[in-house]
*Asks:* 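Below is the structure I would like to discuss, written out as structure tokens.
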There are 2 protein chains.
Amino acid sequence: MKASEVRGHLDGLLLSVLESGPLHGYAVITAVQERSNGVLELRKGTIYPALNRLERLGLLDSTWESVGERRRRCYELTDAGRRSLDTERKVWREFTAAIGSVLEPAQPRTAT
Amino acid sequence: MKASEVRGHLDGLLLSVLESGPLHGYAVITAVQERSNGVLELRKGTIYPALNRLERLGLLDSTWESVGERRRRCYELTDAGRRSLDTERKVWREFTAAIGSVLEPAQPRTAT
DNA sequence: TCGGATAGGTTGCCTGACAACCTATTGCCA
DNA sequence: TGGCAATAGGTTGTCAGGCAACCTATCCGA
């Protein structure tokens with residue numbers, strides 16, 4: 001499953017995997033993939049712009065880290081990011097509850 | 001909440017409210033709204049093109065109904081539509097499970 | 001007779017995820 | 001030693017789809 005279906009909930013995913021500690025972009029991709037049991041395969045063209053956007057919004061902080069000659073950009077949750085993650089989780093619950101109640105209403109009887 | 005967040009799951013919603021019987025477009029809107037406890041407010045510009053698309057895909061059948069001089073277009077699930085609804089529900093469960101496991105991972109001591 | 005609710009649309013805009021592309025370093029294998 | 005894959009970070013253009021705005025028409029009550 002690609003993130004195409006994730007529209008609007010990507011930010012929550014990113015914030016969530018960063019909750020337990022800083023990660024660089026590439027690691028964010030694998031973290032999401034692992035935590036979803038391989039189901040969610042985010043693309044670079046998806047997460048890099050998203051991480052930048054989240055930083056601009058003040059939800060993430062990034063620092064360049066050097067491993068030898070190679071540079072990595074490490075992203076970390078800010079306090080605002082943590083609060084936002086909290087909100088994202090609430091929205092997610094409301095969202096699933098709403099769709100769920102339409103999609104799978106109280107035990108639909110097949111053939112009365 | 002608008003359907004903007006519903007991206008990719010709108011079809012399932014529409015098929016779902018039509019499962020218990022034919023409805024015309026306007027009634028679909030109110031049905032979705034009622035079944036989601038007023039949370040999901042679909043727009044005409046959202047559902048009419050969607051219903052047409054679903055008909056083109058063979059998932060719905062439409063018939064014009066006359067109430068006095070006024071014409072209504074009634075949509076009804078086809079067999080393919082029913083099968084598709086089944087698939088949509090499976091996808092929805094997988095989707096929520098995947099996002100959920102990233103967004104709210106292994107919550108220790110939570111009855112869920 | 002007029003306005004609002006009902007009913008069915010269409011058009012164009014905007015958002016956001018993605019594919020395709022680019023750069024550079026590191027490590028491994030031939 | 002040279003070349004290639006994996007790692008790492010990006011940008012650009014495209015495309016789908018939900019939405020606002022708009023249009024038409026009927027029906028009913030004030």
Side-chain angles (χ1 to χ4, degrees), chain A residues 1-15 22-34 36 39-57 59-60 62-75 88 91 95 98-99 102, chain B residues 1-15 18 22-34 36 39-57 59-60 62-75 88 95 98-99 102:
Chain A
M1 193 186 293
K2 308 250 190 71
S4 23
E5 322 286 322
V6 186
R7 258 178 193 268
H9 303 285
L10 176 64
D11 294 4
L13 294 183
L14 300 183
L15 295 175
L23 289 177
H24 60 280
Y26 215 78
V28 166
I29 295 179
T30 54
V32 169
Q33 193 167 3
E34 276 167 26
S36 66
V39 176
L40 296 176
E41 297 174 27
L42 305 183
R43 305 308 163 118
K44 295 154 88 175
T46 300
I47 61 133
Y48 286 121
L51 289 171
N52 276 301
R53 185 169 40 78
L54 292 176
E55 188 177 15
R56 276 202 308 281
L57 291 173
L59 307 182
L60 296 181
S62 78
T63 44
W64 284 97
E65 194 181 73
S66 281
V67 182
E69 210 56 30
R70 182 184 276 165
R71 298 199 314 155
R72 288 171 170 180
R73 194 156 159 195
C74 272
Y75 295 90
E88 293 279 358
V91 170
F95 171 72
I99 308 280
V102 176
Chain B
M1 194 185 295
K2 307 252 191 71
S4 25
E5 323 285 321
V6 186
R7 258 182 192 263
H9 304 285
L10 175 64
D11 293 5
L13 295 183
L14 301 183
L15 295 175
L18 288 167
L23 289 177
H24 59 281
Y26 215 77
V28 166
I29 296 179
T30 52
V32 169
Q33 193 166 4
E34 275 168 25
S36 66
V39 176
L40 296 176
E41 297 174 27
L42 305 184
R43 304 308 164 120
K44 295 154 87 173
T46 299
I47 62 132
Y48 286 121
L51 289 171
N52 277 302
R53 185 168 40 79
L54 292 176
E55 188 176 16
R56 275 201 310 280
L57 290 173
L59 307 182
L60 295 181
S62 78
T63 44
W64 284 97
E65 194 183 74
S66 280
V67 181
E69 211 55 33
R70 181 186 276 167
R71 298 198 314 153
R72 289 172 169 178
R73 194 156 159 194
C74 270
Y75 295 90
E88 293 278 359
F95 171 72
I99 308 279
V102 175

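Owing to the predicted nature of the structure, the values given are computational and were not obtained by experimental measurement. Each chain gets a letter, A, B and so on, in the order the sequences are listed, and its residues count up from 1.
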*Asks:* Select from A/Arg53 and B/Ala27 the residue whose nearest nucleotide in DNA chain C is closer to the 5' end of that strand.
*Replies:*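 On the 5' side of the pair lies B/Ala27.
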*Asks:* Side-chain N or O of A/Arg71 less than 4.0 angstrom from OP1 or OP2 on D/dT7?
*Replies:*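 False: A/Arg71 side-chain N/O out of range (4.0 Å or more) of D/dT7 OP1/OP2.
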*Asks:* Output yes when a side-chain donor or acceptor of B/Arg43 lies under 3.5 Å from a complementary backbone atom of B/Glu41, and no otherwise.
*Replies:*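 Yes; judged by distance alone, with no hydrogens or angles, the pair exists.
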*Asks:* Can you label the angle between the A/His9 ring and the A/Phe95 ring as parallel, tilted or perpendicular, going by 30° and 60°?
*Replies:*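 Geometry flag for A/Phe95 against A/His9: tilted rings.
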*Asks:* Find the distance A/Asp11:CG to C/dT15:C1' and express it as a whole number of Å.
*Replies:* 12 Å
*Asks:* Give the rounded distance in Å between these two atoms: OH of B/Tyr26 and P of D/dT24.
*Replies:* 18 Å
*Asks:* Starting from the 5' end of DNA chain C, give me the residue, B/Arg70 or B/Tyr75, whose nearest nucleotide shows up first.
*Replies:* B/Arg70
*Asks:* Mind calculating the distance between CZ (B/Arg73) and C1' (D/dT26) to the nearest angstrom?
*Replies:* 18 Å
*Asks:* Could you check how far CG of B/Asn52 sits from P of D/dA16, rounded to whole Å?
*Replies:* 17 Å
*Asks:* For a quick test of reading the model, state the closest non-hydrogen atom pair linking A/Lys44 to A/Pro49 and the distance between them.
*Replies:* O-CD, 3.7 Å
*Asks:* For D/dT7, does OP1 or OP2 lie under 4.0 Å from any side-chain N or O of A/Arg72?
*Replies:*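 For D/dT7, OP1/OP2 do not have a side-chain N/O of A/Arg72 under 4.0 Å.
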*Asks:* Mind checking B/Gly25 for me? I need base, sugar-phosphate or nothing, with any heavy atom below 4.0 Å counting as a touch.
*Replies:* sugar-phosphate
*Asks:* Measure from CH2 on B/Trp64 to C1' on D/dA25 and round the result to the nearest Å.
*Replies:* 11 Å
*Asks:* Once rounded to the nearest 0.5 Å, what's the spacing between atom CG of B/Leu18 and atom OH of B/Tyr75?
*Replies:*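 Rounded to the nearest 0.5 Å, the CG-OH separation comes to 9.5 Å.
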*Asks:* Whole angstroms only, please: what is the OH-C1' distance between B/Tyr48 and C/dT10?
*Replies:*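 That distance rounds to 12 Å.
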*Asks:* Rounded to whole Å, please give me the gap between NZ in A/Lys44 and C1' in D/dA6.
*Replies:*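 Whole-Å distance recorded here is 10 Å.
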*Asks:* Round to the nearest Å and state the distance from B/Arg7 atom CZ to C/dC18 atom C1'.
*Replies:*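 Nearest whole value for this atom pair: 13 Å.
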*Asks:* Respond yes when some side-chain nitrogen or oxygen of B/Arg43 is under 4.0 Å from OP1 or OP2 of D/dA20, and no when none is.
*Replies:*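 Checking D/dA20 against B/Arg43, a side-chain N or O does come within under 4.0 Å of OP1 or OP2.
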*Asks:* Can you see which heavy atom on B/Leu42 is nearest to which on B/Ile29, and at what distance?
*Replies:* O-CG2, 3.6 Å
